[in-house]
Amino acid sequence: MLAETMGTTAVRAPSWKRLGSMREAGLVAIILALCIAMSFASPHFLTLGNFRAMLMSFSVEGIVVVGMTILLIVGGIDLAVGSVVCFAMVLSGSLFLAGLDPWSASLIGILASALIGAVMGFFVTVVGLNHFITSLAGMVIVRGLCLIITKGTPLSLFTLPPAFKAVGQGSFHGLPYVIIIFVAVVVLFDFLLRRATALRKVFYTGSNEKAALYSGIRTNYVKFWVTVLCSTLAGFAGVIYMSRFGAATPTFGVGMELNIIAAAVIGGASLNGGSGTILGAILGIALLSVVTSSLVLLNVSVYWQDMIKGCILLGAVSIDHFLHKRKAS
Amino acid sequence: MRTFLSTTAMAVLVMAYSAAPAKAAEESPFRCEPGEKYVMNVMVSGVEYWFPVYEMFKQAGKQLGCETAYTGTPEYDVNKQIASFDQALAQNPAGILVHPMNSDPFIEPINRAIGQGTAVVTFAADSPLSKRISFITSDNIREGTYAADAIATKLGGKGEYAVLENPGQDNHDKRVTAFIDRMKAKWPDMKLVGRAASNQDPTKAYQGLMSIVQANPNLAAVFMPEANSAIGAAQANKESGGKILVMCADVNANILDMIKAGEVFGSINPNQGMQGYMGFMLLWLAKHPELIDPMNDAKRAGFNPMSIPFVDNGLSIVTAENADDFFWDKYLKRRGTKGIEE
């Protein structure tokens, strides 16, 4: 299972067969089916503009999904990501308003987010608390910090210099920087997770921590750094949001963690640890975005949208689970 | 443009009393007893909306020589708000101005408070089945109506519009429904082409509006019943050509800057100051029914004669012309107070 999850097979099969056997193939098929159905239902769905809009809508969240997926693989979970995204925004924003240049302010925001991850990692690996309760406390504490920093008032960052705003709002030959950053993060971590020896330890630790420990892996060390990585990526996403919206609101990201975790799990990450891929998780968040966009384009009543969205997601995950199980047997 | 709607005649009378000279005030019955305390109770207590409400609540308290306190839960959780309400009630205050997150869960706590002699007035959200004395709010119907008129007038009465919603929150739903109803009734050439749930989330607002724009490239305006969504909507507008009038309700520093920069067309803002001031007055009056002897059956039937069921605190339409008057930090600096921390 481990080899399959990591996208490697013992015997080289033809490339199309290898593609078909990948964990993500089912999800790709579901998304494609949904896109085809939508292209008949709405003439506005299959347009470059709509796809760009959908991609833009989940690109920054996608960066958080990357960190969450790796954390889920190691057997952890981080309920504080939404708060950390907000924290990075408001800390960087307030430092900027205090006179610091936005780049340095953002760097401090990201480092402070990493520090939050380190504190949570400490409680998990040294104190011995589990990720769930530690990050639950982290979520509340960090949200409180956001309120303390902002005094409950959204920060207006209208004076951010154009060069900084360009990160979130600009583009390179028509391709938004946000998408470029998102793709770079995804490709980097997907590659590392599939190929790098250091990140294979994440799978070993998540699959069977005791066995990994006996085979010489410092599992606490792995868990600590993955927790730090997840918070750091959340902080990184936070400063991109700040650049994108030119604002930092103390309520930003409330409930975001559920969307992030849902995307990772839809993409094949297990809540018990040991399995998951970055590509799968990104397909998961893409599916969420396609469904949301479709419901709006079809003018579905807002009172029905959540229920229909939930049903479609449940159906999609069930089909994917069924396809995966059949392949495995 | 700034439009204040009328409040009740009672409001004028009470303000006239409270503005009386100091000497007259000493002899006036409009004074608190030592230790007479009034509290304000809210959910998500760190949110800026409440601060101007409390500022004028506090002001009214000072003018009448009463103690005031700001209480509530920082969370969006009705259980936790009820717990904070109960904690405030345990101190036996003279009155509580409460924003009940949900109406029915507050029936029992409010009735219990009334039972122990604490006056309760609801503001901005109501618990109509409870025994609360009064309810003060901006008229959500009027807010939606004014927003529709402002947009339609700007567009010459013709064009396509969309709404971003927060389904399930009563006052937001009312604003959206009133907005659409007004368009249908008064502006028949304004066509509703899209609705999306943004749930006060800028990222959802961005995606919702972008999707609507894909299907409706001639979209001319979008309305949302709160401020957070306007951040995402304005960004979506920028990326799709910047031709859409973005209008919201409520303000904060960021929205005000966006209004000044022309990224947001305008906002409908409830008159929070009057909400706090009149909220206090309603509580104080309810606590002092001995001041009047009306010709009715209240005394015999056991009702508080000093109760006004409903007060409209009015609203303002905030545009680039008057946005400077709505910055909380400037207001606080001008007043020289510590806001909710006193």
Side-chain angles (χ1 to χ4, degrees), chain A residues 42-45 47-54 56-58 60-61 93 140 143-144 146-148 150-159 168-169 171 176 241 244-256 259 289 292-306 309, chain B residues 44-51 74-76 162-168 173 176 193-204 206-217 227-228 231-232 234-236 238-240 252-258 260-261 263 327-329 339-341:
Chain A
S42 169
H44 308 289
F45 183 81
T47 62
L48 193 62
N50 192 45
F51 272 81
R52 183 183 182 276
M54 283 194 291
M56 285 292 280
S57 69
F58 70 78
V60 190
E61 245 180 41
V140 179
R143 183 64 65 186
C146 295
L147 288 172
I148 290 168
T150 59
K151 292 194 169 73
T153 307
L155 305 178
S156 180
L157 306 173
F158 227 70
T159 49
Q169 301 174 17
S171 58
Y241 271 129
R244 183 153 174 64
F245 292 127
T249 63
T251 53
F252 193 90
V254 171
M256 182 191 277
N259 214 34
S289 183
T292 304
S293 177
S294 303
L295 293 172
V296 174
L297 284 176
L298 294 175
N299 260 333
V300 174
S301 159
V302 288
Y303 301 109
W304 282 84
Q305 284 184 13
D306 275 353
K309 197 172 160 183
Chain B
V44 206
S45 53
V47 166
E48 188 183 355
Y49 177 86
W50 314 120
F51 303 169
E75 289 163 82
Y76 193 73
V163 287
L164 299 177
E165 307 181 47
N166 181 27
D173 283 338
V176 168
V193 294
R195 302 177 73 158
S198 58
N199 304 111
Q200 305 191 66
D201 181 340
T203 53
K204 284 185 186 171
Y206 170 83
Q207 185 178 9
L209 186 56
M210 283 304 262
S211 296
I212 292 170
V213 171
Q214 297 310 312
N216 307 281
N228 274 345
I231 297 170
Q235 183 58 30
K238 252 196 261 178
E239 290 176 19
S240 52
N252 56 51
N254 190 54
I255 292 299
L256 291 167
D257 276 337
M258 292 171 102
K260 285 173 73 179
E263 292 182 9
F327 281 91
W328 166 247
D329 54 345
I340 59 167
E341 286 164 6

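So you know, we letter chains A, B, ... as the sequences are listed, proteins then strands, and number each from 1.
Checking each of B/Asp257, B/Asn252, B/Ile255 against A/Ser156 for a side chain to side chain contact (heavy atoms under 4.5 Å, CB included) leaves exactly one that passes, namely B/Asp257.
Among A/Ser289, A/Ser294, A/Pro43, A/Gly255, the residue making the largest number of heavy-atom pairs under 4.5 Å with chain B is A/Ser289. In terms of heavy-atom pairs under 4.5 angstrom with chain A, the leader among B/Ser240, B/Ala236, B/Ala196 is B/Ala196. For chain A, the option among B/Gly194, B/Gly208, B/Pro202 with the highest count of heavy-atom pairs below 4.5 Å is B/Pro202.
If you take OG on B/Ser211 and NE2 on A/His44, they are separated by 11.5 Å, rounding to the nearest 0.5 Å. To the nearest 0.5 angstrom, A/Ser42 atom OG is 10.0 Å from B/Gln214 atom CD. Taking CD of B/Glu48 as the start and OG1 of A/Thr150 as the end, the distance is 9.0 Å to the nearest 0.5 Å. Rounded to the nearest 0.5 angstrom, A/Tyr241 OH and B/Gln235 CD are separated by 12.0 Å.
When heavy atoms are compared at a cutoff of 4.5 Å, B/Phe51 approaches chain A solely by way of its side chain, counted from C-beta outward. In this structure, chain A has a heavy atom under 4.5 Å from the side chain of B/Asp173, while its backbone stays farther away. With a 4.5 Å cut-off on non-hydrogen atoms, A/Leu295 does not touch chain B at all. Proximity to chain B is absent for every atom of A/Pro250, based on heavy atoms less than 4.5 angstrom apart. Only the side chain of A/Phe252 comes within less than 4.5 Å of a heavy atom of chain B; its backbone N, CA, C and O stay farther away. Neither the backbone nor the side chain of A/Ile148 comes within less than 4.5 Å of any heavy atom in chain B. In this structure, chain A has no heavy atom under 4.5 Å from any part of B/Val213. Of the two parts of A/Asn50, the backbone and the side chain both hold a non-hydrogen atom closer than 4.5 Å to a non-hydrogen atom of chain B. Interface remark: B/Gln200 contributes no atoms to any contact with chain A (heavy atom separation under 4.5 Å). For A/Arg244, the parts lying under 4.5 angstrom from a heavy atom of chain B are both the backbone and the side chain.
At least one side-chain heavy atom of A/Ser293 sits under 4.5 Å from a side-chain heavy atom of B/Gln207. Using a 4.5 Å heavy-atom threshold, the side chains of A/Met56 and B/Tyr206 count as touching. Looking at heavy atoms from C-beta onward, B/Trp328 lies out of side-chain contact with A/Lys151 at the 4.5 angstrom threshold. Side-chain contact check for A/Gln169 versus B/Lys238: some heavy-atom pair is nearer than 4.5 Å.
For A/Val296 against B/Arg195, the heavy-atom pair with the smallest separation is CG1-O, 4.4 Å. In this structure, B/Met210 and A/Ala53 approach most closely via the heavy-atom pair CB-CB, 3.6 Å. Residues B/Ala253 and A/Pro154 approach most closely at CB-O, 4.0 Å, considering heavy atoms. Residue B/Ala215 comes nearest to A/Leu297 through the heavy atom pair CB-CD2, 3.6 Å, listed as atom of the first residue, atom of the second, then distance.
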Check the pair B/Asn254, A/Thr249 against side-chain contact (heavy atoms from CB on, under 4.5 Å), reporting the backbone distance first and the verdict last.
CA-CA 9 Å; B/Asn254 190 54; A/Thr249 63; 5.5 Å; no
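Remark: the B/Asn228 side chain and the A/Thr251 side chain contain an N/O donor-acceptor pair separated by less than 3.5 Å.
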